[in-house]
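Working notes, beginning with the structure itself.
Throughout, protein chains are lettered first and strands after them, A, B, ... in sequence-line order, and every chain is numbered starting at 1. Please read all numbers here as calculations on a predicted model, not as lab measurements.
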Number of protein chains: 2
Amino acid sequence: MTNIDKASHPDSALFSELPSADLASRIADQVLQAIGDGRLIPGQKVAEAQLAREMGTSRAPVREALRLLESQGLIVSHPRRGFFVHSYDADELDDIYDLRECLELHAAEAAVARITDADVDRLAAQVELLKRLAQDGQMQEQVTQDYEFHRMLCALGDNMRVVRLFDQIATQLRAGIALLGRNYDDPWEIAQSHDVLIDALRQKDAARLRSELKEHLEEARFQVVALFRNDNG
Amino acid sequence: MTNIDKASHPDSALFSELPSADLASRIADQVLQAIGDGRLIPGQKVAEAQLAREMGTSRAPVREALRLLESQGLIVSHPRRGFFVHSYDADELDDIYDLRECLELHAAEAAVARITDADVDRLAAQVELLKRLAQDGQMQEQVTQDYEFHRMLCALGDNMRVVRLFDQIATQLRAGIALLGRNYDDPWEIAQSHDVLIDALRQKDAARLRSELKEHLEEARFQVVALFRNDNG
DNA sequence: CATTTGTGAACTGTCGACAATCTTCACGTC
DNA sequence: GACGTGAAGATTGTCGACAGTTCACAAATG
């Protein structure tokens, strides 16, 4: 899990960026990771002073990191009371999926109008990667690469703002789903379910892509929200 | 222009919120207003030390305010070089409109399925307000209330996250359009063009609402982007 | 004259400190 | 036993300060 705000997707530059010397960004990464692997659980308070002590810095960069995460929706702050890990309920997760669907369908529609064969090949290769990971039982990595596939698709829509939103949403979904602690479906089936999307893209069939993608997304949405409702509500 | 992050749109609460005692929020409001009325122009540097001096505070709350505006997309920061007013180009404005269209159409579709007659009446009343303002020549206020109409529509879609995004987008569009310094169309026609939307809503005709709303939004998009391309490109 | 180098001013990132506020928890009252 | 009161401790919002970096501009070089 890399830096949130920038360059998690290098564009093949001559030199790679130096590791962000920025304290706040590194702190944000750490907190993000802590949320991801459950060291920080939703609703829990995140005290700046304590975090600063643990990290050996002053409170200023910690504050900035938390504010950054707040703007990403992972942390909420109550004035004069501090920061807390945002706890999603099932309804909110449903809202997030709703938004994601809206954005991704829109991006996909734009993508299909301008996509090249090379683009489709790249996406197909990514699906093959998903299948390999499913066979090898690397669930965590498969989830990561699954999001990457959908991000690639969004990126082909050629609206950077939509892509950034997708990134945010993906982070929030991962944070929310991390709570479940288990997969919601058979990894191999998940990997395979991308094939129809590749097909529709190759044929540049916008209508079919839309309906298949919608089904694809609603499948995950339905399962995750249902699981979440059982666990937490 | 009120506080960015919260409750600039009270949903008929019992008491209005106390003026945010938070320094950072008030500073953010000031900067926002300065961008809105052209005292800060796109690309211009915003030095935190200088701002702090002018406002008589320390740099800490100024920093927070600028970071907040950064997360809203109005300010960009280059590490170790400072904050700058984000300058939109025509392509980016087009992207923003694209996103807005995507969100608003989605929200409208959800809204039409659950809207009540009372809701439609409220929207219709808002349109009447627009017409009054157009007749009185209160352009600035008309623009504000026009966004409010579309916000109400989004809110009926019942996805708070979408509404928050709409607010952000509206702020960015207003900041971008402020540069033009002139209206892009006849105020009366703009006000009137909302009538067909009310009609479609009253009949709960989702398909018609979608196509009318799309046309409504693309009209503004087309004109603004074209003007912008002439001026700045 | 164009380009590079050097210098000082201004600025950002980070720090530690203080006052105001919030939370906790024991205590007393009904 | 439930509930309001108040003091102690911890935490936030804000502040001023310092070091390292960047910017603007003058001097030097080809």
Side-chain angles (χ1 to χ4, degrees), chain A residues 3-7 15 17-32 34 39-71 74-87, chain B residues 3-7 17-32 34-35 39-71 74-87:
Chain A
N3 208 323
I4 285 188
D5 45 354
K6 44 152 54 174
F15 294 96
E17 266 177 46
L18 272 50
S20 167
D22 198 350
L23 257 187
S25 302
R26 282 186 286 167
I27 295 174
D29 276 353
Q30 290 235 12
V31 175
L32 186 58
R39 276 176 1 250
L40 286 175
I41 62 178
Q44 184 174 348
K45 164 151 195 166
V46 185
E48 332 173 341
Q50 188 185 339
L51 243 181
R53 273 195 303 275
E54 290 179 17
M55 302 221 182
T57 74
S58 75
R59 281 171 45 215
V62 172
R63 247 178 116 71
E64 255 181 62
L66 292 176
R67 281 261 133 83
L68 177 62
L69 293 173
E70 182 187 15
S71 78
L74 293 164
I75 295 279
V76 290
S77 79
H78 302 265
R80 295 239 158 242
R81 300 195 28 210
F83 296 88
F84 302 81
V85 180
H86 185 188
S87 75
Chain B
N3 210 324
I4 284 188
D5 47 353
K6 43 150 62 170
E17 264 177 48
L18 273 52
S20 169
D22 198 350
L23 254 187
S25 303
R26 281 184 287 167
I27 295 174
D29 276 354
Q30 292 233 11
V31 175
L32 186 58
I35 294 177
R39 286 187 339 259
L40 286 175
I41 63 178
Q44 183 174 348
K45 165 149 193 173
V46 185
E48 43 179 80
Q50 188 184 339
L51 243 181
R53 273 195 302 275
E54 290 179 17
M55 302 219 184
T57 73
S58 77
R59 281 171 45 218
V62 172
R63 242 177 122 68
E64 262 184 50
L66 292 175
R67 281 263 132 86
L68 177 62
L69 293 173
E70 182 186 16
S71 77
L74 292 163
I75 295 279
V76 291
S77 79
H78 303 267
R80 293 232 155 249
R81 301 192 32 211
F83 296 88
F84 302 80
V85 180
H86 185 193
S87 75

Checklist entry - Do B:Arg26 and B:Pro61 have side chains that get closer than 4.5 Å, going by heavy atoms? => result no

Show which side-chain atoms of residues 44-53 of chain B pair as donor or acceptor with protein atoms under 3.5 Å away, not counting sequence neighbours.
{"unit_1": "B:Gln44", "atom_1": "OE1", "unit_2": "B:Ile41", "atom_2": "N", "d": "3.1"}
{"unit_1": "B:Lys45", "atom_1": "NZ", "unit_2": "B:Arg81", "atom_2": "O", "d": "2.9"}
{"unit_1": "B:Glu48", "atom_1": "OE1", "unit_2": "B:Arg63", "atom_2": "NH1", "d": "2.8"}
{"unit_1": "B:Glu48", "atom_1": "OE2", "unit_2": "B:Arg59", "atom_2": "NE", "d": "2.9"}
{"unit_1": "B:Glu48", "atom_1": "OE2", "unit_2": "B:Arg59", "atom_2": "NH2", "d": "2.9"}
{"unit_1": "B:Glu48", "atom_1": "OE2", "unit_2": "B:Arg63", "atom_2": "NH1", "d": "3.4"}
{"unit_1": "B:Gln50", "atom_1": "NE2", "unit_2": "B:Glu54", "atom_2": "OE2", "d": "3.3"}

Item to check | Footprint string (nucleotides 11-17 of chain C, 5' to 3'): B base within contact, S backbone only, - free, heavy atoms under 4.0 Å | outcome: SBBBB-B

Checklist outcome for this item: Shortest non-hydrogen pair, B:Ser71 vs A:Ser71, comes out as CB-CB, 3.3 Å

Item to check | Rounded distance (Å) that lies between atom P of D:dT11 and atom CG of A:Leu66 | outcome: 14 Å

Item to check | From CD1 (B:Ile27) to CG (B:Leu68), nearest 0.5 Å | outcome: 11.0 Å

Next on the checklist: Rounded at 0.5 Å granularity, tell me how far CG in B:Leu23 sits from OG in B:Ser58.
Outcome noted: 8.0 Å

